[in-house]
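Down below is the structure, laid out as structure tokens.
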Amino acid sequence: MNEIPEFLNELNDSQRAAVEYIDGPSLVIAGAGSGKTRVLTYKIAYLLTQGVKPWDIMALTFTNKAAKEMKERIAALVGMEVARYLRMGTFHSVFSLILRSEANKIGFDSNFTIYDESDSRSLCKQLIKEFGLDDKVYKPGEVMKRISAAKNRLLTADDYAEDFEAVQRDAVDGMPKIHVIYKEYANRCRLVNAMDFDDLLLNTYLLFKYNPEVCNKYAEHFQFVLVDEYQDTNHVQQQIVMQLTKKYKRVCVVGDDAQSIYGFRGANIDNILDFQEQYDGARLFKLEQNYRSTQRIVEAANSLIHKNERQIHKDVYSRNDEGDRIELTGLNSDREEALFVVKDIRQRIRQEGAAYSDFAILYRTNSQSRAFEDELLKVAMPYRIYGGLSFYQRKEIKDVVAYFRLIINANDEEALRRVINYPARGIGNTTIEKVAAAARISGISMWDVLCQPERTELNVNKGTLTKLTSFRMMIEDFAGRVETVDAFELGKDIIKQAGISQEIYSSTEPDYLARQEHLEEFLSSMQEFVEDQREQGNPTDLVSFLQDVSLLSDREDDTDDTPRITLMTVHSAKGLEFPNVYVVGLEEDIFPSQLSMNSMREIEEERRLLYVAITRAEKYCHLTYARMRFRFGKQEFHAPSRFLRDIDPKLLNVNGGSSSYSPARRTAYSGGSRPSLFGSAPEYGSVGRSSVPQQRRMQEPDRSPSLRPVSKASFTSSSAMRGGGVSAAFSIGDHVVHDRFGAGIVTNMEGNGDSAKATVEFTNAGTKQLLLKFAKLRKL
DNA sequence: GGAGCTTCAATTTTT
DNA sequence: TTGAAGCTCC
């Protein structure tokens with residue numbers, strides 16, 4: 001019998017029970033802040049002490065980050081020599097590896113390309129055009145959504161065409177040809193040896209379904225399968241887990257139905273709700289002690305989430321301090337809201353000695369960040385906005401990756417289209433479309449056309465043909481070196497020889513400088529990859545690098561460790577925690593979103609979203625709403641969010657006035673209540689005097705003059721004056737303020753007169769070069 | 001091939 | 001209001 005490892009003593013009773021049950025299927029419902037990751041990591045470590053081999057364990061996560069963190073934590077318990085053999089990673093990465101080794105069974109080549117969303121989109125668009133369909137009717141985004149949803153329901157293109165209901169629905173929506181597009185999309189992917197993100201899952205499912213011997217092999221191999229964030233799985237993922245665990249049924253899924261907020265991208269909360277019905281005799285473990293938040297925060301969140309109907313009952317509790325009540329403040333406008341939050345943060349920093357990094361401002365939509373950004377810039381408080389482009393979505397990175405892709409899979413049409421004329425080499429759109437047309441006629445890939453133009457219908461002049469040929473030879477030349485040179489060396493050469501570095505280093509304009517930096521960062525990540533792989537005795541070639549990078553979309557790691565206030569959507573905040581949290585914009589049509597009011601299912605997801613937001617807070621949670629906000633260039637008036645009425649009033653501290661609010665008026669989906677849309681009936685209190693919004697906006701002294709309705713003539717002359725009069729006044733080391741970028745320090749000056757340029761390091765906006773003629777810089 | 005114009009839409013996001 | 005994307009013109 002194996003010994004009971006010491007580390008189990010670090011767990012509480014319910015955590016420990018969940019960890020020690022390893023004989024059959026189990027569902028671990030992990031309340032917010034209850035030590036979910038701890039249970040998963042300790043369970044894996046425990047399995048390893050019970051004689052299970054690391055390679056017999058599969059652990060699936062949703063993000064690379066989660067996988068990496070978990071692996072590190074397990075390594076801390078059992079050592080990296082053991083941990084490295086675990087089959088641990090995202091669904092997509094784990095199954096893409098299996099697909100590569102079984103590719104021939106489903107008619108793919110093992111070096112298949114993974115199409116990201118923009119590749120899929122671009123292919124979709126292409127097809128809509130080829131079929132002569134109106135892209136106003138067949139919006140690429142909508143088409144993709146339907147194809148993706150079909151794959152989610154395990155429907156191949158042929159299944160879809162025969163699915164009466166689906167085809168009928170498309171027809172009713174004016175898009176009867178969706179199934180045709182889907183079919184050709186699938187054909188094209190197969191022709192060029194590519195799979196999109198959904199295909200990675202669907203093809204795994206199909207591989208197992210039609211090759212029982214393959215399925216059995218893996219089902220016998222993986223004696224234990226663990227799934228993190230199970231509430232976020234979609235139907236295919238659930239089905240694959242079932243295929244893999246049908247033999248031993250040793251499966252442990254961990255998650256929190258109350259934090260299921262990704263329904264819009266296919267996550268199916270029923271997977272977790274119905275788990276016990278799908279696995280007969282599955283044990284249920286509930287982790288109900290919250291270690292993160294104060295009692296009042298936990299209770300307030302509970303009171304909210306209990307208004308949902310579909311959920312697994314749990315009693316989440318905290319033994320931390322009772323803490324303060326949740327603050328609720330109504331403001332007159334979005335600007336006042338931002339001003340208020342910023343002031344409140346400043347006050348708390350002064351009073352409690354808190355750091356900027358102890359604060360988060362959470363909102364429903366990214367566009368809400370703007371108002372807070374403006375205020376924070378004005379007072380030069382450091383912040384960081386999350387969201388926006390990830391590193392690998394940047395054009396300069398995608399271009400280089402496209403070269404890599406093309407070199408490894410020359411049939412990859414999206415990559416070919418991307419780089420065939422980048423940097424510019426005189427192969428224009430006309431030529432590209434001619435190549436594409438020739439390829440379609442012969443049923444071959446565009447690359448094949450380049451390889452034997454004389455045997456196709458390609459009709460281009462001699463000069464163009466020469467350009468095409470030399471491009472082809474360049475790619476072939478790179479491809480010939482894949483096996484002899486490591487990824488980093490080859491990467492450097494590609495960037496140089498393809499003319500990318502020449503293009504990017506052709507200017508010192510700020511955006512070029514940024515691209516140079518990104519490219520260098522990318523190269524150094526390649527170098528790191530090669531060194532790591534070499535150390536571990538793994539292959540260092542471009543093929544392995546690309547496999548790695550295709551499934552990464554890492555938000556860039558903060559190289560800068562200045563403490564900053566965090567601004568992000570509630571979605572991105574899942575899994576994080578902060579001592580102080582502001583949840584802003586709690587208004588009808590915003591939170592809950594106007595677009596999520598069609599069904600009870602959607603409203604409940606919005607309510608869970610607020611639950612996630614509140615449970616991010618450790619000590620202090622402040623909810624705000626604005627009566628008026630500017631949206632799409634118009635003033636809009638919104639009632640306070642219905643969810644505010646779902647929170648137990650005993651746990652709320654309503655600021656600035658009466659805490660009584662109008663009685664609940666029940667509506668179909670409210671679960672709780674709906675606030676009165678009209679009337680001046682006393683609702684939630686407000687802080688600050690009420691005022692006419694437009695006037696406030698105009699009177700605001702700090703606001704740049706450009707916001708005022710000014711005639712073109714007067715605007716031009718005033719900015720010209722400013723440029724001429726002020727330009728000489730700056731010197732290195734000056735503290736300055738810019739209307740958009742906020743506060744900063746001048747680090748360099750060059751040129752004079754109209755071309756005088758200042759380099760300014762801004763607290764929040766990074767380093768910029770500004771032409772003084774245009775930039776409205778003020779000295780502090 | 002790029003600058004400048006018009007048009008249109010407008011959640012949430014990871015792989 | 002902002003922004004992306006597509007189109008036209010040089």
Side-chain angles (χ1 to χ4, degrees), chain A residues 60-67 89-96 114-122 125 129 135-136 139-142 145 148 151-152 195-202 204 228-229 232-234 236-237 260-267 334 362-371 374 386-390 392-393 395 421-430 503 547-555 568-575 585 589-598 602 605-606 608-610 612-613 629-636 697 706-707 740:
Chain A
L60 301 168
T61 63
F62 275 83
T63 63
N64 293 298
K65 195 169 148 232
T90 62
F91 275 86
H92 291 83
S93 73
V94 167
F95 294 121
S96 72
I114 296 172
Y115 271 0
D116 70 15
E117 214 150 90
S118 76
D119 297 316
S120 313
R121 191 192 173 77
S122 136
K125 239 176 178 168
K129 209 162 124 198
D135 64 0
K136 298 264 159 32
K139 298 193 184 106
E142 186 58 35
K145 225 192 262 167
S148 174
K151 290 177 179 174
N152 237 284
M195 295 191 199
D196 66 22
F197 289 138
D198 296 315
D199 292 332
L200 291 177
L201 301 175
L202 178 60
T204 301
D228 190 16
E229 305 280 14
D232 289 337
T233 48
N234 63 26
V236 197
Q237 289 165 328
S260 166
I261 55 174
Y262 283 109
F264 68 91
R265 65 174 199 218
D334 49 349
L362 308 181
Y363 33 78
R364 179 63 180 76
T365 65
N366 288 115
S367 62
Q368 289 166 260
S369 68
R370 189 59 186 269
D374 285 350
Y386 289 78
L389 280 193
S390 78
Y392 295 99
Q393 285 173 323
K395 179 184 171 336
N421 198 33
Y422 173 83
R425 48 176 74 86
I427 304 175
N429 270 336
T430 319
E503 203 266 338
Q547 286 185 10
D548 230 49
V549 102
S550 303
L551 290 168
L552 284 186
S553 74
D554 264 357
R555 302 270 150 202
M568 55 169 56
T569 62
V570 181
H571 281 92
S572 344
K574 199 176 115 186
D589 290 358
I590 305 276
F591 201 162
S593 160
Q594 195 166 19
L595 296 157
S596 300
M597 294 190 176
N598 305 315
E602 287 173 311
E605 180 153 320
E606 294 279 312
R608 292 193 292 271
L609 196 54
L610 182 57
V612 167
R629 69 172 60 239
F630 277 91
R631 213 161 54 130
F632 310 144
K634 283 202 207 69
Q635 283 186 20
E636 290 187 357
R697 218 173 163 80
S706 61
L707 277 182
R740 212 154 76 69

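Chain A is the first sequence line, chain B the second, and so forth, proteins listed ahead of strands; every chain is numbered from 1. Side chains included, hydrogens not; waters and symmetry mates left out as well; all remaining heavy atoms used.
For A:L551 and B:dT15, the CG to C1' distance is 6 Å, given to the nearest whole Å. Atom OH in A:Y386 sits roughly 13 Å away from atom P in B:dT14 (whole-Å rounding). A:Q594 has its CD atom 14 Å from the C1' atom of B:dA9, to the nearest Å. One atom, CD of A:E636, and another, C1' of C:dT1, lie 12 Å apart when rounded to the nearest Å. In this structure, CZ of A:F91 is placed 13 Å from C1' of B:dT14, rounded to the nearest angstrom. Rounded to whole Å, the distance from CG on A:L552 to P on B:dT13 is 19 Å. Rounding to whole angstrom units, NZ of residue A:K634 and P of C:dT1 are separated by 11 Å. Taking atom CD on A:E142 and atom P on B:dA9, their separation rounds to 13 Å, with Å as the unit.
Between A:G89 and A:V94, the shortest heavy-atom distance links the atoms N-CG2, 3.8 Å. When all heavy atoms are compared, the tightest approach of A:T63 to A:T90 is C-CG2, 3.4 Å. Taking each heavy atom of A:L200 and A:S96 in turn, the nearest pair found is CD2-CB, 4.0 Å.
Look at A:N64 and you'll find a side-chain N or O under 4.0 angstrom from OP1 or OP2 of B:dT15. Within the structure, every side-chain polar atom (N or O) of A:S96 is placed at least 4.0 Å from both OP1 and OP2 of B:dT15. Distances shown here put every side-chain N or O of A:S93 at or beyond 4.0 Å from the OP1 or OP2 atom of B:dT15.
Residue contacts for A:T63: at a heavy-atom cut-off of 4.0 Å it reaches the sugar-phosphate backbone alone, with no base atom in range. Residue contacts shown for A:F62 are limited to sugar-phosphate atoms, with no base heavy atom under 4.0 Å away. Residue contacts for A:R364: at a heavy-atom cut-off of 4.0 Å it reaches a base atom on one of the strands shown. Nucleic acid contact class of A:E117 (heavy atoms, under 4.0 Å, all strands): base. Using a 4.0 Å heavy-atom distance criterion, A:E606 is classed as a base contact. Within the 4.0 angstrom heavy-atom criterion, only backbone atoms of the sugar-phosphate kind lie near A:S572; the bases stay farther away. Counting non-hydrogen atoms under 4.0 angstrom, A:N366 reaches the backbone sugars and phosphates but no base. At a threshold of 4.0 angstrom between heavy atoms, the contacts of A:Y262 are confined to the sugar-phosphate backbone, with no base atom among them. If you check every strand for non-hydrogen atoms under 4.0 Å, A:N421 touches sugar and phosphate atoms only. Using a 4.0 Å heavy-atom criterion, one finds that A:L595 contacts the bases of the nucleic acid, with or without backbone contacts as well.
Under the rule for a side chain to side chain donor-acceptor pair (under 3.5 Å), the partners of A:R364 that lie at least two apart in sequence or sit in another chain are A:E606. Residues that satisfy the salt bridge (Lys or Arg N to Asp or Glu O under 4.0 Å) test with A:D199, not counting sequence neighbours, are A:K151. For A:T204, the side chain to side chain donor-acceptor pair (under 3.5 Å) criterion is met by no residue, not counting sequence neighbours. Contacts of A:T365 classified as side chain to side chain donor-acceptor pair (under 3.5 Å), with partners at least two apart in sequence or in another chain: A:S367, A:Q368.
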So which protein N/O to nucleotides 4-8 of chain B N/O distances come out below 3.5 Å?
none

Could I get a table of every N or O pair under 3.5 Å where one atom is in the protein and the other is in nucleotides 3-6 of chain C?
| residue | atom | partner | partner atom | Å |
| --- | --- | --- | --- | --- |
| C:dG6 | OP1 | A:K125 | NZ | 2.3 |

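With the nearest nucleotide of DNA chain B identified for both A:K65 and A:H571, A:H571 has the one nearer the 5' end. Mapping A:H92 and A:G633 onto DNA chain B by nearest heavy atom places A:G633 at the nucleotide closer to the 5' end.
Nearest to the side chain of A:R265, among B:dT14, C:dT1, B:dG1, sits B:dT14. If you check B:dA10, B:dT15, B:dT12 against the side chain of A:T365, the one that comes closest is B:dT12. Closest contact between the side chain of A:F197 and the listed nucleotides B:dG1, B:dT12, B:dT15 involves B:dT15.
Only the P atoms considered, C:dA5 is 15 Å distant from B:dT12, to the nearest whole Å. If you take atom P in B:dT13 and the same atom in C:dA4, they sit 16 Å apart, rounded to whole Å.
Each of A:L202, A:L201, A:D196 was checked for a side-chain contact (heavy atoms from CB on, under 4.5 Å) with A:D198, and the lone residue meeting it is A:D196.
Ring-plane geometry between A:H92 and A:F197 is classed as perpendicular, the angle between the planes exceeding 60 degrees on a 0 to 90 degree scale with a lower cut at 30. The aromatic rings of A:H571 and A:F264 sit perpendicular to each other, their planes meeting at more than 60°, with 30° as the lower class boundary.
Considering CZ of A:R370 and CG of A:D334, their distance stands at 11.5 Å, rounded to 0.5 Å.
Judged by the 6.0 Å distance and 45° axis criteria, A:K395 is positioned over the aromatic ring of A:Y422.
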